[in-house]
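The structure appears right after this line, and notes come after that.
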Amino acid sequence: MSNPKKLDHRVKGKAKGMVITQNIEAAVRYYNAVTRLLDKKGNPCKVLIAFSGAKAVDGIEYTESLMNGFSDGETRERFDGEDYRLLVVANKYLTGFDQPKLSAMYVDKKLQDVLAVQALSRLNRSAPSLGKKTEDLFILDFFNSVEDIKTAFDRFYTATSLSRATDVNVLHELKESLDGQGVYEQQEVEEFVVLYFNNADAQQLSPFIDVAADRFNKGLELEDQDKADFKIKAKQFVKIYGQMAAIMPFEIIEWEKLFWFLKFLIPKLIVKDPKADEIDQLLNSVDLSSYGLQRVKLNHPIRLDEEETIVEPQNPNPRGAHGGDDEHDPLDEIIRNFNERWFQGWSATPQEQRIKFLSIADSIKAHPDFNDKYKNNPDAQTRILAFQKIFEDVMLKKRREELELYKLLAGDTAFKSAMQQSLRQIVEVL
């Protein structure tokens, strides 16, 4: 965690996280790794694990009760207590688990269709008494792409606001715009943050916020539209920075200081424009636009891209950013995404994989049921089921020539699911 102080203030210091793993062996390894890291940090909290049955890992047999030190039936209640802040799971607690303090998820498992919606919705449990806000929610996904999650949610929402991974450069533009309005002075932000992190009381902190709020509400005589513009951008800055700073060791201290100042200032900004209220409601919904946040290097400070960034505005709030318009072969893109999410097991090179993917895709398209039951089928759910059946038929016929692949598919449901999804994308572009 790059900023324990920030996380300690989420859900009044009671925020909890869940690590979703592919299988029991992965869960055991995650649990052991997290335990070692917490031990190095002086054990600020404890971690639990949840899985069914028994599993031998490196010659040692593990069960949930043995690892936690109490019976499986107590796990849910213990996790609700003060001591345990993290829960590592393997196919447990992904559905029907109601824990209002749950605010963060770390996903290393294929999530699709109903399971994706149900699992991620574990975060969407309200906790008014704890001051839980949508900006406190955080998802770090090592496995699924933005498009994967969008596809899963599309079936259950009449509209889905989701485009691409957030670019940290948008924070530069937001801060520049906010600074330029004159609502706050840098010295006020500096003095407020010093007092705040020295545990000053409300009587010492309030004057800084009240001065800036009065300047916004009356002193500057801003037009209603300008007020709406400022408040929306302030909310977006807080949301984007809050999500990114949870995993990235930023070196721009001005962002951190402004984050805390705005957190207290925003509730006191009065906006009369009814359209701004509607946009505020949108911003207060779970924002999946940051779901696919990508970290370029592991265990390195993140260096911001110095190249010019094109920002996509959404009247008047910049919702995200992207780079240039480089063209890519869709098939190469699909295979690359497959390899980024599935980096073990299959010994085929990317070139070999391309040939195999094309061969399988051609066989799928040539299947007698492809057009009627899949391509021309208007029902999304039955289309998926039809594709799975066609895929099974094709791979059964190819099992001799693709024995290694066939064994992988038979022995690992996550690998099989990832390949099926990649092939569905391929047959759409061929």
Side-chain angles (χ1 to χ4, degrees), residues 22-23 107-117 119 141-156 160 162 164-165 291-292 327-430:
Q22 295 181 30
N23 49 49
V107 183
D108 191 17
K109 175 185 175 67
K110 178 64 183 174
L111 297 176
Q112 64 178 0
D113 302 327
V114 177
L115 179 60
V117 176
D141 194 323
F142 299 101
F143 205 102
N144 305 277
S145 69
V146 172
E147 186 59 34
D148 292 341
I149 303 303
K150 180 180 184 300
T151 299
F153 274 79
D154 267 339
R155 294 177 50 225
F156 302 94
T160 303
L162 180 64
R164 58 181 58 81
Y291 184 89
E327 293 185 0
H328 300 284
D329 183 334
L331 181 58
D332 288 339
E333 189 77 17
I334 293 168
I335 294 174
R336 181 165 60 252
N337 289 337
F338 176 85
N339 284 321
E340 286 176 354
R341 285 174 286 157
W342 192 266
F343 45 84
Q344 60 186 6
W346 198 9
S347 63
T349 66
Q351 292 77 17
E352 292 170 337
Q353 288 182 15
R354 181 188 176 94
I355 295 172
K356 293 177 187 295
F357 268 119
L358 281 171
S359 175
I360 296 170
D362 286 340
S363 297
I364 288 173
K365 294 183 71 174
H367 193 280
D369 292 336
F370 179 78
N371 288 325
D372 292 339
K373 295 186 178 181
Y374 176 73
K375 185 177 180 179
N376 301 323
N377 188 344
D379 183 76
Q381 183 61 30
T382 56
R383 285 181 84 240
I384 293 174
L385 295 175
F387 190 92
Q388 292 172 351
K389 177 63 168 61
I390 295 170
F391 175 80
E392 296 281 0
D393 290 348
V394 168
M395 291 312 302
L396 186 62
K397 293 178 181 178
K398 287 180 173 287
R399 65 186 183 279
R400 291 184 179 178
E401 59 187 276
E402 298 292 350
L403 186 58
E404 178 197 13
L405 177 58
Y406 185 78
K407 288 181 177 179
L408 280 172
L409 294 169
D412 197 313
T413 56
F415 181 87
K416 181 178 180 179
S417 176
M419 170 157 275
Q420 286 180 349
Q421 184 174 45
S422 297
L423 283 165
R424 286 204 306 269
Q425 293 174 326
I426 289 173
V427 299
E428 295 297 329
V429 301
L430 288 180

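One is the number of the first residue; the rest follow in order along the sequence.
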Looking at every heavy atom in both [X] and [Y], which two are closest together, and how far apart are they?
{"X": "Q22", "Y": "F143", "result": "NE2-CE1, 3.2 Å"}
{"X": "L423", "Y": "A361", "result": "CD2-N, 4.1 Å"}
{"X": "E428", "Y": "R424", "result": "CG-O, 3.1 Å"}

#### Entry: CA sep, side-chain torsions, deciding dist, call: I364, D393, side chain to side chain contact (heavy atoms under 4.5 Å, CB included)
CA-CA 9 Å; I364 288 173; D393 290 348; over 6 Å; no

### Query
Just by modelled atom types, is the N377 backbone N or O under 3.5 Å from a matching donor or acceptor in the R383 side chain?
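It does hold such a pair.
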
### Message
Check whether D108 reaches the backbone of F142 with its side chain - one donor and one acceptor, N or O, closer than 3.5 Å.
### Response
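Not a single qualifying donor-acceptor pair exists.
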
### Message
With side chain to side chain contact (heavy atoms under 4.5 Å, CB included) as the criterion, how do S363 and K398 come out once you've worked through the C-alpha distance, each side chain's angles and the decisive distance to 0.1 Å?
### Response
CA-CA 10 Å; S363 297; K398 287 180 173 287; 3.2 Å; yes

### Message
Run the side chain to side chain contact (heavy atoms under 4.5 Å, CB included) test on F357 and M419 for me, step by step, so that the C-alpha distance in whole Å, both residues' side-chain angles and the decisive distance to 0.1 Å come before the verdict.
### Response
CA-CA 9 Å; F357 268 119; M419 170 157 275; 3.7 Å; yes

How long is the straight-line distance from [atom2] of [Y] back to [atom1] of [X], given to the nearest 0.5 Å?
{"X": "D369", "Y": "K375", "atom1": "CG", "atom2": "NZ", "result": "15.0 Å"}
{"X": "I390", "Y": "M395", "atom1": "CD1", "atom2": "CE", "result": "14.5 Å"}
{"X": "H367", "Y": "D372", "atom1": "NE2", "atom2": "CG", "result": "11.5 Å"}
{"X": "L396", "Y": "R399", "atom1": "CG", "atom2": "CZ", "result": "4.5 Å"}
{"X": "I426", "Y": "I360", "atom1": "CD1", "atom2": "CD1", "result": "8.5 Å"}

### Query
Under 30°, 30 to 60°, or over 60°: which ring-plane class applies to F387 and F391, parallel, tilted or perpendicular?
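Parallel: the ring planes of F387 and F391 meet at under 30°.
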
### Query
With a 4.5 Å limit on heavy-atom distance, are the side chains of E402 and S359 in contact?
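Answer no - side chains too far apart.
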
#### Entry: Contact check, side chains of L409 and Q420, non-hydrogen atoms, under 4.5 Å
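No, side chains not in contact.
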
### Query
Does a side-chain N-to-carboxylate-O contact under 4.0 Å join K416 and E392?
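Looking at K416 and E392, the cut-off is met.
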
### Task
Dump the intermediate steps for side chain to side chain contact (heavy atoms under 4.5 Å, CB included) on V427 and Y374, then the final yes or no.
CA-CA 11 Å; V427 299; Y374 176 73; 4.2 Å; yes

#### Entry: K373 atom NZ, neighbour heavy-atom count above 12 within 6.0 Å
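Counting other residues, nucleotides and ligands, NZ of K373 stays at 12 neighbours or fewer.
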
